Amino acid sequence: MKNLKNVSLLIFLSLLLLNCKSEKKVQNFSAITDAYFNDKNELDPLGATQNGQTQFNDKLVFEMTDSHRKKQAAFYDKYENELTTVDTTSLSAEEKNSYEIIKWEVSIGKDLLKYDTNLMPIQQFWGTNLTLGQFAGGTSAQPFKTEKDYRNFLKRMDLFAVWMDSAMVYMKKGIDKGVVLPKALTVKVIPQFESMVTPNVEDNLFYSSLKLFPKEITIEKQDALKKEYIAVIREKLEPQFKKMATFLKDEYLPASRTTSGIGSLPKGQELYKVYTKYWTTTDKTPEAIHELGLSEVARIKAEMEKVKEQVGFKGTINEFFEHVRTKPELMNFKKPEDVIANFERIYAVIKPNVDKLFSLQPKSPFEIKRTEAFREASASAEYNQGAADGSRPGVFYVPIPDVKTYNCYSDEDLFLHEAIPGHHFQISLQQENKELPDFRKFNWFGAYGEGWALYTESLGKELGLYTDPYQYFGMLGAEMHRAVRLVVDTGIHTKGWTREQAIKYSLDNEAESEAGITAEIERYMAIPGQALSYKNGQLKILELRKKAQDKMGDQFDIKVFHQKILESGVMPLALLEKKINNWIATGK
């Protein structure tokens, strides 16, 4: 009996020890997620500022340099090792998601570092030079509320002047290795730098925040800051902008490639496969995605034919595209403010209906703004998230480079995607969720995030929109646009398609203007694979919704489905599918 008591005591102590170890593991995992977020921000301080992490507001990394890439490699190694110390059996369901997300990001990050992506640090669509331009405008993520805020950006301006030298060094290495931009993109980048030099310093983009001084900063301090800003603009930034523009015209443009896709670069085909995995979070091959695109284009075109018949148009579908592109009634705005007012009208229409589909809604404020002039010519409509604490609203940016040619046929659809219930709902809810670790509140997976936004476009009729057949055609056109992307992105980067081939295919299958399509094709050339994320994510969410409706029958609640999709934030699609399958199985 005594031995049995001793055995029982040993078992009890063993279980207690195991439980302590398990609790320690969970606590350690929480510490891992905190450290992971901080280290990620340190490696990407501009992203940190965008996410409201103010401790990095004066920092700028030289992301193209070998030394920075070594830091990235060390970061991935560190967290790959950290994950091996975690007892996953003791983690909660949400912690297991966090574990799998870190594991996925580390793996794909290590794969990308195998390629010379750093030799093309500048392109026309996004990057450090364009982000800093946005921040300089004074109304974006970089705060300008205190003297310290102004001095933080002054440090960034100083660093940016040096950053441009580093960019040129690595672009020259790219010339030597044959890893360069297509000529069509280089010619778009040149004016972006040329426009940064102005006869009057007050007209310089980097002077903009000096026109927005808060009352709390005294006149004396304002004068001192003006002198320092002007000195950096005139003596450091503008000489570098001129130097970069000259380099691009005289050295880089002649060396730029005539091919459109990265498949023509050394190891380009292999790199594109990694980008495909990165942007879709799946193991789908470029060939399979190309075929999916072709089938979706055919399906959507059949729906477009029905709208053409509904409005009584007698010509071919391609003639109908041209009819929509040029219809005067769809281009009747007199001034840019009219375009913004139309989006405000759309917002007012859907407001009463949102509650029917969404019980989970964000608290974050929301605004609609015209895209800043310095980047408007080559920008797409986009959403920029607000601050997690609500101090800065989410902003839906609309480019209106020429109001006379602005066509509104897809504006209702565009609002659903970029604003509500698309990106604004998804990103704001993610940032507001106190149950998520910080690294997930500010995370992004294109397949989930863009997939959700594309999915919401199909909710228009339920939200009171698409009563005009041209606006419904706009929804079909936007979906066609994403299906075309699957075809042209894979075509450009794996099948040797030229820029012109891709433009022609797009013009043959959608009603966007030639100028808009050209900008889009050049975007795909600049950021390979990103265009694949939308359709792959949308189709997965639609598949999961149908599965839930079929399995749950009368128990299916669209509000709960949307809550389940949104509540945990972005994640690889396989994780999302697992989450929804668990919900379907339990009926909770």
Side-chain angles (χ1 to χ4, degrees), residues 16-56 59 61-63 65-115 117-118 274-275 277-279 281-283 388 430-431 433-449 567-579 582:
L16 188 64
L17 184 61
L18 278 170
N19 191 47
C20 289
K21 283 183 179 178
S22 176
E23 285 182 11
K24 188 179 178 185
K25 294 277 189 185
V26 173
Q27 289 168 352
N28 283 345
F29 185 65
S30 180
I32 287 170
T33 61
D34 290 345
Y36 183 72
F37 183 57
N38 189 71
D39 288 350
K40 274 184 82 171
N41 285 329
E42 200 169 330
L43 286 168
D44 179 20
L46 293 182
T49 295
Q50 192 77 52
N51 293 331
Q53 309 304 305
T54 57
Q55 66 269 41
F56 302 95
K59 302 289 191 296
V61 298
F62 296 7
E63 69 275 12
T65 60
D66 294 343
S67 59
H68 182 75
R69 282 161 71 85
K70 283 177 183 173
K71 287 179 184 175
Q72 286 180 304
F75 167 79
Y76 295 133
D77 287 342
K78 174 183 175 182
Y79 288 98
E80 190 173 54
N81 291 332
E82 291 277 15
L83 290 184
T84 63
T85 69
V86 177
D87 175 15
T88 55
T89 61
S90 63
L91 299 180
S92 68
E94 209 59 272
E95 286 172 330
K96 284 177 182 174
N97 283 335
S98 296
Y99 178 94
E100 291 298 330
I101 289 169
I102 293 175
K103 183 179 176 182
W104 194 93
E105 289 184 346
V106 165
S107 175
I108 199 75
K110 293 184 87 159
D111 284 345
L112 283 169
L113 276 180
K114 295 172 185 174
Y115 301 92
T117 55
N118 60 319
V274 179
Y275 277 139
K277 183 174 183 178
Y278 177 81
W279 286 112
T281 68
T282 72
D283 292 321
Q430 179 173 301
Q431 290 185 165
N433 188 345
K434 292 181 171 59
E435 301 303 313
L436 298 181
D438 283 344
F439 92 90
R440 285 179 60 192
K441 288 180 185 177
F442 303 105
N443 214 3
W444 183 250
F445 287 102
Y448 175 108
E567 65 185 359
S568 296
V570 296
M571 58 181 65
L573 294 180
L575 273 184
L576 177 65
E577 184 165 14
K578 185 178 179 183
K579 175 182 168 67
N582 287 341

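Numbering of residues begins at 1 and proceeds along the displayed sequence. Keep in mind that this is a model prediction, so the values were computed, not measured.
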**Asked** Does the side chain of Asp283 come within less than 4.5 Å of Lys277's, by heavy atoms?
**Response** yes
**Prompt:** Between the side chains of Tyr36 and Glu82, does any donor sit under 3.5 Å from an acceptor?
**Reply:** no
**Asked** Nearest 0.5 Å, what's the OG-CG distance between Ser98 and Leu436?
**Response** 7.0 Å
**Request:** Please check if atom CD in Glu435 has more than 12 non-hydrogen atoms from other residues, nucleotides or ligands closer than 6.0 Å.
**Result:** no
**Request:** I would like to know whether Asn38 and Gln55 meet side-chain contact (heavy atoms from CB on, under 4.5 Å); could you show each step before the answer?
**Result:** CA-CA 10 Å; Asn38 189 71; Gln55 66 269 41; 4.2 Å; yes
**Test item: Val86 and Leu91 side chains (from C-beta on) under 4.5 Å apart, heavy atoms** = yes
**Message:** Whether the side chain of Ser107 engages the backbone of Trp104 through a donor-acceptor N/O pair (distance < 3.5 Å, no angle test) should be reported.
**Reply:** no
**Prompt:** If you draw a 6.0 Å radius around CZ in Phe56, do more than 12 non-hydrogen atoms from other residues or ligands fall strictly inside?
**Reply:** yes
**Prompt:** How about Lys40 and Asn443: does a side-chain donor come under 3.5 Å of a side-chain acceptor?
**Reply:** yes
**Message:** Could you check whether any side-chain heavy atom of Lys579 comes within less than 4.5 Å of a side-chain heavy atom of Asn582, counting everything from C-beta outward?
**Reply:** no
**Prompt:** Which heavy atom of Gln430 sits nearest a heavy atom of Arg440, and at what distance?
**Reply:** NE2-O, 3.0 Å
**Request:** Could you tell me whether Arg69 and Asp66 have a side-chain N and a carboxylate O separated by less than 4.0 Å?
**Result:** no
**Prompt:** Side chains of Glu94 and Asn97: donor-acceptor distance under 3.5 Å anywhere?
**Reply:** yes
**Request:** Would you give the length of the straight line joining atom CD1 of Ile108 to atom CH2 of Trp279, rounded to the nearest 0.5 angstrom?
**Result:** 11.0 Å
**Message:** Evaluate Ile102 against Phe439 for side-chain contact (heavy atoms from CB on, under 4.5 Å), listing each step before the verdict.
**Reply:** CA-CA 9 Å; Ile102 293 175; Phe439 92 90; 3.5 Å; yes
**Asked** In chain order, what residues pass the side chain to side chain contact (heavy atoms under 4.5 Å, CB included) check against Glu577, with sequence neighbours excluded?
**Response** Lys540, Glu543, Leu544, Asn581
**Item:** Residue that, paired with Ile101, satisfies side-chain contact (heavy atoms from CB on, under 4.5 Å) out of Val570, Val106, Leu575
**Value:** Leu575
**Request:** Look only at the side chain of Tyr79 and the backbone of Ile32, and say whether a donor-acceptor pair between them is shorter than 3.5 Å.
**Result:** no
**Asked** Can you name the nearest heavy-atom pair linking Lys441 to Asn433, along with the distance?
**Response** CE-O, 3.0 Å
**Complete:** One should read off an interatomic distance between Lys71 NZ and Thr65 OG1, to the nearest 0.5 angstrom, of 7.5 Å
For residues 43-54, tabulate all N or O donor-acceptor pairs below 3.5 Å that involve a side-chain atom, not counting sequence neighbours.
unit_1 : atom_1 : unit_2 : atom_2 : d
Asp44  : OD1    : Gly47  : N      : 3.1
Thr49  : OG1    : Pro45  : O      : 3.2
Thr49  : OG1    : Asn57  : OD1    : 2.7
Thr49  : OG1    : Arg156 : NH1    : 3.0
Thr49  : OG1    : Arg156 : NH2    : 3.0
Asn51  : OD1    : Gln385 : NE2    : 2.8
Asn51  : ND2    : Gly47  : O      : 3.2
Gln53  : NE2    : Asn51  : O      : 3.2

**Asked** Can you tell me how far OH of Tyr275 sits from CG of Leu112, rounded to the nearest 0.5 angstrom?
**Response** 6.0 Å
**Prompt:** Is there a side-chain contact between Phe29 and Lys96 (heavy atoms, below 4.5 Å)?
**Reply:** no
**Request:** With rounding to the nearest 0.5 Å, note down the distance linking CG in Asp39 to OH in Tyr76.
**Result:** 12.0 Å
**Prompt:** How long is the span from the CD atom in Gln72 to the CG atom in Asp77, to the nearest 0.5 Å?
**Reply:** 12.0 Å
